[in-house]
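Written out below as structure tokens is the structure these notes cover.
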Protein chains: 2
Amino acid sequence: MQLDEAKNQFIQAWGALGSSWGINRTMSSIHALLIASKDAMTTEEIMDTLKISRGNANMNIRALIEWGLVKREMVAGERKEYFSAGKDVWEIARQIAKERAKRELEPVTKIVADLQTIEDDSEDAKQFKETMANLEDFTSKVNGTLDKFIKSDKNWFYKSLMSLIK
Amino acid sequence: MQLDEAKNQFIQAWGALGSSWGINRTMSSIHALLIASKDAMTTEEIMDTLKISRGNANMNIRALIEWGLVKREMVAGERKEYFSAGKDVWEIARQIAKERAKRELEPVTKIVADLQTIEDDSEDAKQFKETMANLEDFTSKVNGTLDKFIKSDKNWFYKSLMSLIK
DNA sequence: TTAAACTTTCAGTAAATATTGAAAGTTTAT
DNA sequence: ATAAACTTTCAATATTTACTGAAAGTTTAA
């Protein structure tokens, strides 16, 4: 297999993975392309390689920057902007976990907490409240772990995980 | 707040959460409805409550059953099928993790392993292989943890998690 | 067996989401 | 100040994904 072919397959696979987890295909593909590339790339190069429009490239690069997965780089003497992605997989996972927890888990946790305040003592309501309480307990534990993970350096998490999986 | 209103909000929130994680809204809503309901429900009741068509209800109920999140129940003397969802949040998380890892993580892991076999010793290729190796290491660790999680009883995971987050 | 009670399928349609590309906006060098 | 080099925006459009509902299929009781 050639390097180019390998990169290509990686871009495909990463793009598909993203899209089945609710991240748009182009965003994941650009991310994959930058992960697989040694050097930083310009918008133009990204457009050409992935055969996407300027607008699409621009929007998704910006999204990746917002997620903290890609950063802008200036090359001395050049007017263009260059983009690169971190190669540290732990860091990538951390960033993704952080963003998604913030955007999607937190709002639900808030609602679930509220829902336990209903005043109704039917059997049905009792059971509902119990389920919500369990759910809150669970999400707060997940969040707690994520928080530690997010704040931790790679080593801390690595060690904990190792001891966890023995 | 009334119980019905609370259930409603929960259904909305759970549905939105699912859809931002690549699980369709109806599927998550039905799941939420069944989690929030003390008794098992028929297709008819689900259709009415969520205002969805028969076909949609049927397809998503079947998907939930495939995922192991919902089960059919027969009520003695009744011809209709009743459906209910487990209320144990740990079990739910376990089931979801298991299904998604199988469907979406495994294929990528396989590809990533392959991609390290390219024969090319440019700097660029060297770096690419290194990134892929890290990625493989990472996913295998995640998978290992998931496996333990999936096979474990609630207690095992609870204890491990507690020690992890201290 | 047959007909009522129920479940499943699927072609057509609707809704949500992503993409394009041209125009507007911004920055920089001279 | 201005024009070239570049970035951003957004309305129109294409693509993907989900939903409907009627028809076909299945099961059960008598």
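Per chain, numbering begins at 1; letters A, B, ... match sequence-line order.
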Given the rule that I, L, V, M, F, W and Y join up when any side-chain heavy atoms are under 4.5 Å apart, are Ile118(B) and Val112(B) in one cluster? yes
Just to be sure I understand the rule, does Glu81(A) reach a base, reach only the sugar-phosphate, or reach nothing, if contact means heavy atoms closer than 4.0 Å? sugar-phosphate
Among the nucleotides dT19(C), dT8(D), dT7(C), whichever has the atom closest to the side chain of Arg72(B) is dT7(C)
Interatomic distance, Asn60(B) CG vs dT17(D) C1' [rounded to whole Å]: 12 Å
Phe83(A) CZ - dT8(D) C1' separation (whole Å): 11 Å
Interatomic distance where CE belongs to Met47(B) and P belongs to dC6(C) [whole Å]: 13 Å
Starting at CZ of Arg54(A) and ending at P of dT20(C), how long is that distance when rounded to a whole Å? 12 Å
Side-chain N or O of Arg62(B) less than 4.0 angstrom from OP1 or OP2 on dT9(C)? yes
Is there a side-chain polar atom (N or O) of Thr26(B) under 4.0 Å from OP1 or OP2 of dC19(D)? yes
Check the distance between dT28(C)'s C1' and Glu78(A)'s CD and give it to me in whole angstrom. 14 Å
Closest-nucleotide mapping onto DNA chain D: is Glu44(A) or Ser53(B) further toward the 5' terminus? I mean the 5' end. Glu44(A)
Do the side-chain N or O atoms of Asn56(A) get closer than 4.0 angstrom to the phosphate oxygens (OP1, OP2) of dA18(C)? no
For Asn24(A) and dA14(D), what is the distance between atoms CG and P respectively, to the nearest whole Å? 19 Å
List the steps, then state whether side-chain contact (heavy atoms from CB on, under 4.5 Å) holds for Leu135(A) with Thr109(A). CA-CA 8 Å; Leu135(A) 197 53; Thr109(A) 313; over 6 Å; no
Is the Phe128(A) ring parallel, tilted or perpendicular to the Phe10(B) ring (thresholds 30°, 60°)? perpendicular
Whichever of Met27(A) and Met59(B) has the more 5' nearest nucleotide on DNA chain C, that residue is Met59(B)
Trp21(A) and Trp21(B) aromatic ring geometry - parallel, tilted or perpendicular at 30°/60° bounds: perpendicular
Closer to the 5' end of DNA chain D via nearest nucleotide, is it Ser19(A) or Arg79(B)? Ser19(A)
Could you check whether Ser122(B) and Asp120(B), counting side-chain N and O atoms only, form a donor-acceptor pair closer than 3.5 Å? yes
Which whole-number value in Å describes the distance from Asn58(B) CG to dG25(D) C1'? 12 Å
Rounded to whole angstrom units, what separation is found between the CD1 atom of Ile52(A) and the P atom of dG21(C)? 12 Å
